[in-house]
Novice: 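My questions will all concern the structure given below.
Per chain, numbering begins at 1; letters A, B, ... match sequence-line order.
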Amino acid sequence: MKCTVLLVAEKPSLSQSIAQILSNGKAHSRRSFLDVHEWSGSFRGQSAHFKMTSVMGHVMSIDFPPKYQNWETTDPASLFDAPTIKSESNPKAHVCKHLQQEARGCTHLVLWLDCDREGENICFEVIENTVKWMARVPGQQVFRARFSAISAPEITAAMEMLGEPNRCEALAVDARQELDLKCGVAFTRFQTRFFQGKYGNLDASVISYGPCQTPTLAFCVQRHQIMTAFQPEDFWSVRPHISKAGQRIDVEWGRGRLFDQGAAQLFQQLVKEARMMRCTSISSKEERRQRPHGLNTVEMLKIASSGLGMAPAQAMRTAEVLYTSGYLSYPRTESSAYPPGFDFQEVLDEMRRHPIWGDYAQHLMGTFTPPKGGNDVGDHPPITPIASATEAELGGGDTWRLYDYVARHFLGSLSPDCTFTRTTALLSAGQEVFSATGTSPKRPGFTAVMPWRAVEGEPLPPLQEGEALPITEVDLKQGKTSPPDYLTESELIGLMEKHGIGTDASIAVHINNICERNYVSIQAGRRVVPTELGITLVRGYQLIDQELCLPQVRAHVEKQIGLIAEGKAEKEAVVLHTLDQFAQKFRYFVTKIDRMDALFEASFSPLASSGKVLSKCGKCLRYMKLISVRPMRIYCPTCEEVLNLPQGGTVKLYKGLECPLDGYEIVLFSLSGPDGKTYALCPFCYNNPPFEGAHKVSGQGAGGKAGMPCTLCPHTGCPHSFMRMRVTACPECEEGTVVLDPVSGPKWRMDCNTCSFLIYLPETLHAVKLSKKRCQECESAMLRLDFKRGASPLPDGAADITACVVCNELVAKLCTAKHGRSYVNRRRGSGRRGRGRRGRGRGRDANPLLSFRDF
DNA sequence: GCAAGGTC
């Protein structure tokens with residue numbers, strides 16, 4: 001009987017290379033949602049058809065159910081006991097559907113996911129989406145391949161020795177996901193809601209907390225604290241001047257430096273009086289600088305930052321581009337040792353063609369010794385070049401510089417060590433001992449191709465033991481101890497790696513996160529400098545519960561879930577226990593938040609003292625203030641109420657008009673940029689939509705909360721509501737309605753209240769008003785158009801017309817639609833499109849308008 | 001709007 005075997009890898013690139021190996025290059029590929037490689041062979045003694053495909057990382061993501069998504073109505077403390085749901089990570093990629101489709105009719109499943117805990121977890125995600133769809137046959141149907149490298153011997157051996165997926169390891173990952181989610185989200189929502197809107201110059205829309213990002217930030221702040229606490233001290237050092245054969249010899253004092261000026265002066269005097277310095281011993285030693293190990297991701301990120309001045313996130317992006325275009329090998333690897341059987345010759349052969357280092361590679365081909373040392377984690381080989389490329393071919397810039405580095409690093413890792421001779425001379429004057437060292441290169445080794453690693457320093461002039469040199473002068477050099485500088489990004493990466501914060505794939509993300517959240521900024525030399533906000537947060541954690549910002553938070557979680565992975569503890573028990581610990585910490589944090597608040601008060605100015613007077617509050621009838629730093633909002637100092645606004649634009653008062661529902665003064669919001677629309681909103685309604693189900697527009701720009709402007713308000717009695725300003729349904733989006741912008745003159749326009757679609761009305765208009773009449777053909781509201789004197793486009797030269805801008809061809813031709821296909825051409829186009837619009841859309845008219853689309 | 005982990 002023939003069987004059909006489905007093989008699944010963690011990413012498309014791996015499914016391709018594993019299929020290549022298992023099929024001896026005979027696989028045929030086809031595209032589905034993801035690539036599938038097929039071939040025939042035998043499986044466990046049976047003839048078999050093989051289908052190899054992949055997922056793209058995790059299939060599912062964890063989150064809270066919709067009920068818990070509202071920041072206002074959900075108590076963050078309740079999140080610790082909340083249920084969680086899993087949904088498809090990337091619905092657009094249709095990974096679930098793909099797996100189910102490919103599983104149909106298969107008799108066996110072989111899991112080729114990466115051999116780490118995350119991979120083990122993905123195994124079960126794959127099982128969930130395949131086994132139910134597979135054919136039932138007797139015996140074991142699901143197998144796990146375990147491999148430590150993507151090489152032919154490893155892969156074929158793994159196929160011979162199939163095992164079973166490890167449920168414990170997978171459960172450990174589920175536990176980690178739940179803990180990270182609950183803890184991170186609870187703290188983030190609580191502190192965001194507590195501080196947001198409380199201070200005027202606090203320019204952060206989300207004040208996030210996370211078991212990785214917060215300790216990462218804390219490293220940067222700790223360095224800042226060391227720097228601020230540093231007390232410089234004066235020190236003195238004796239520096240005699242000597243030379244030989246015209247070459248000056250730099251000597252180090254055996255006592256290094258003294259913090260007592262008087263004592264240092266005494267020694268200076270003694271040395272002066274000695275007048276001569278005698279060489280008491282001279283010795284030489286051969287030393288070596290080791291060639292680099294294979295390049296792994298973390299090392300690449302460090303060097304990209306410190307040597308190339310590239311942000312880690314940028315370095316990852318660049319490396320990925322180089323990988324997908326075939327110039328570099330897979331850039332996410334922990335391994336710094338090449339796997340056994342790695343084909344160095346193949347890479348060297350390719351590098352031989354390179355105009356810059358081709359000769360060097362050629363020379364290495366016959367002479368290199370395979371690298372030893374480093375660590376082979378069994379994920380992917382170290383990062384190496386794959387194809388030869390010149391600066392011009394790669395378009396220069398970061399792409400070229402990163403490629404250049406990786407190629408040189410690879411060649412360096414095959415080159416000999418660099419060797420040099422270090423000569424040390426001991427000298428004495430009076431009773432004082434000094435030393436001088438010189439270096440002379442012996443063999444450049446790898447530094448020939450990595451010149452920045454070359455040994456610096458000069459050789460000593462020839463000295464004889466017993467030889468005496470005259471001292472020409474004796475300085476007393478004064479110095480000050482100095483604090484360390486801010487952490488370099490490269491040092492930060494090193495600390496994260498050392499403390500197990502993040503993984504090779506996520507380190508760059510965490511650093512990027514704390515930059516984007518405005519906790520740190522990257523300064524000259526890629527040093528990571530914490531901001532006022534970053535410092536205040538960490539100091540706050542330190543005051544309330546130091547552990548919250550220490551790397552041990554993560555280490556603790558890792559240790560707990562390690563117990564699950566090893567099968568020593570039940571997942572449920574560990575999760576409950578650990579959640580309980582975090583919930584306790586959370587409750588304590590909440591009760592002590594005023595300690596952190598005190599720090600915020602010292603660093604940020606309260607809302608009451610910031611902002612410009614803008615509009616009247618409907619409750620106290622006094623003026624509210626506009627806080628224009630991001631996130632822009634309105635604050636009533638009397639009611640101590642903060643009202644959010646849409647972001648990415650400006651607001652001004654709207655003729656002093658009031659909202660008939662709550663008495664707040666209405667403001668006009670204008671979105672920045674060309675064609676940015678303007679719409680009216682009542683600050684109170686925007687934040688507290690008065691009608692159940694009225695649909696909201698999400699704020700534009702960072703941190704904008706969804707709100708309800710007048711253009712979405714279904715109030716029939718208010719002259720600003722979309723009910724009164726609507727013209728017709730939006731031809732571009734599903735839900736929107738095109739409304740007249742009553743303040744857009746002299747360039748009159750209409751905008752969709754949901755999407756960015758807009759229509760400029762004829763240019764020669766003087767005034768526009770909505771008529772009460774409706775178009776007989778399409779039910780759109782008709783407009784009364786008043787043209788400028790002598791500029792009427794109407795056939796009889798009439799000054800005004802009441803027309804439907806959709807159906808009146810003359811008027812429609814004079815309009816210009818933007819951010820959408822031209823509606824003029826479309827309205828007579830291909831007939832009805834899509835679903836009918838009747839009865840759809842929240843907050844829409846009960847007797848919906850026809851859309852342009854319906855023609 | 002929120003975490004961290006995969007990967008694109």
Novice: Hey, is the side chain of A:Gln196 pairing donor to acceptor with the base of B:dG1 inside 3.5 Å?
Specialist: yes

Novice: Tell me the interatomic distance from A:Asn121, atom CG, to B:dT7, atom C1', rounded to whole angstroms.
Specialist: 15 Å

Novice: Without decimals, in angstroms, what is the distance between A:Glu558 CD and B:dA4 P?
Specialist: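 So the CD-P distance, A:Glu558 to B:dA4, works out to 12 Å.
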
Novice: Looking at B:dC2, I'd like to know if its phosphate oxygens (OP1 or OP2) sit under 4.0 Å from a side-chain N or O belonging to A:Gln69.
Specialist: no

Novice: Counting only side-chain heavy atoms from C-beta out, which of B:dA3, B:dA4, B:dG1 sits nearest to A:Ile62?
Specialist: B:dA3

Novice: Within the 4.0 Å heavy-atom criterion, would you say A:Arg554 contacts the bases, only the backbone, or no part of the nucleic acid?
Specialist: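 Here A:Arg554 touches the backbone only, sparing every base.
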
Novice: I want to check one thing: is the phosphate of B:dG5, taken as OP1 and OP2, less than 4.0 Å away from some side-chain N or O of A:Thr503?
Specialist: no

Novice: Pick base, sugar-phosphate or nothing for A:Tyr330, based on heavy-atom distances below 4.0 Å to the nucleic acid.
Specialist: sugar-phosphate

Novice: Tell me whether A:Glu547 at atom CD has more than 12 heavy atoms from other residues, nucleotides or ligands lying less than 6.0 Å away.
Specialist: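 Result for CD/A:Glu547: open.
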
Novice: Please confirm whether A:Phe669 and A:Tyr686 have ring centers closer than 6.0 angstrom.
Specialist: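 Judged by ring-centre distance (under 6.0 Å), A:Phe669 and A:Tyr686 do not meet the cut-off.
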
Novice: Mind calculating the distance between CD1 (A:Ile507) and C1' (B:dA4) to the nearest angstrom?
Specialist: 13 Å

Novice: Tell me if the side-chain of A:Glu320 makes a donor-acceptor pair with the base of B:dC8, cut-off 3.5 Å, by modelled atom types.
Specialist: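 Checked by distance alone, the answer is no.
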
Novice: Tell me, please, which residues at least two apart from A:His577 pass ring pair (Phe, Tyr, Trp, His ring centres under 6.0 Å).
Specialist: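 Ring pair (Phe, Tyr, Trp, His ring centres under 6.0 Å) check on A:His577 returns nothing, list empty.
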
Novice: Answer yes or no: does a side-chain N or O of A:Arg517 lie under 4.0 Å from OP1 or OP2 of B:dC2?
Specialist: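 Answer is yes, contact under 4.0 Å.
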
Novice: Taking side-chain contact (heavy atoms from CB on, under 4.5 Å) as the definition, give me every residue that meets it alongside A:Glu164, ordered by chain and number, with sequence neighbours left out.
Specialist: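 Partners of A:Glu164 under the side-chain contact (heavy atoms from CB on, under 4.5 Å) test: A:Gln140.
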
Novice: B:dA4 P sits how many Å from A:Phe582 CZ, rounded?
Specialist: 11 Å

Novice: What nucleic acid atoms does A:Gly119 come within less than 4.0 Å of, heavy atoms only: base, sugar-phosphate, or nothing?
Specialist: nothing

Novice: For DNA chain B, determine which residues of residues 175-189 of chain A have any heavy atom closer than 4.0 angstrom to one of its atoms, and list them numerically.
Specialist: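 Result for residues 175-189 of chain A: A:Arg176, A:Gln177, A:Asp180, A:Leu181, A:Gly184, A:Val185, A:Thr188, A:Arg189, sorted by number.
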
Novice: Partners of A:Glu489 by salt bridge (charged side-chain N to carboxylate O under 4.0 Å, His left out), sequence neighbours excluded?
Specialist: A:Arg526

Novice: Are OP1 or OP2 of B:dG5 and a side-chain N or O of A:His510 less than 4.0 angstrom apart?
Specialist: yes

Novice: Is there a side-chain polar atom (N or O) of A:Tyr323 under 4.0 Å from OP1 or OP2 of B:dC8?
Specialist: no

Novice: Only counting residues at least two apart or in another chain, list the ones meeting side-chain contact (heavy atoms from CB on, under 4.5 Å) with A:Ala218.
Specialist: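 A:Ala218 satisfies side-chain contact (heavy atoms from CB on, under 4.5 Å) with A:Gln222, A:Val538, A:Cys549 only.
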
Novice: Using the test side-chain contact (heavy atoms from CB on, under 4.5 Å), find all partners of A:Pro331 that sit at least two apart in sequence or belong to another chain.
Specialist: A:Ala319, A:Glu320, A:Tyr323

Novice: Which part of the nucleic acid does A:Asp63 contact within heavy-atom distance under 4.0 Å: base, sugar-phosphate only, or nothing?
Specialist: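 Touches a base.
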
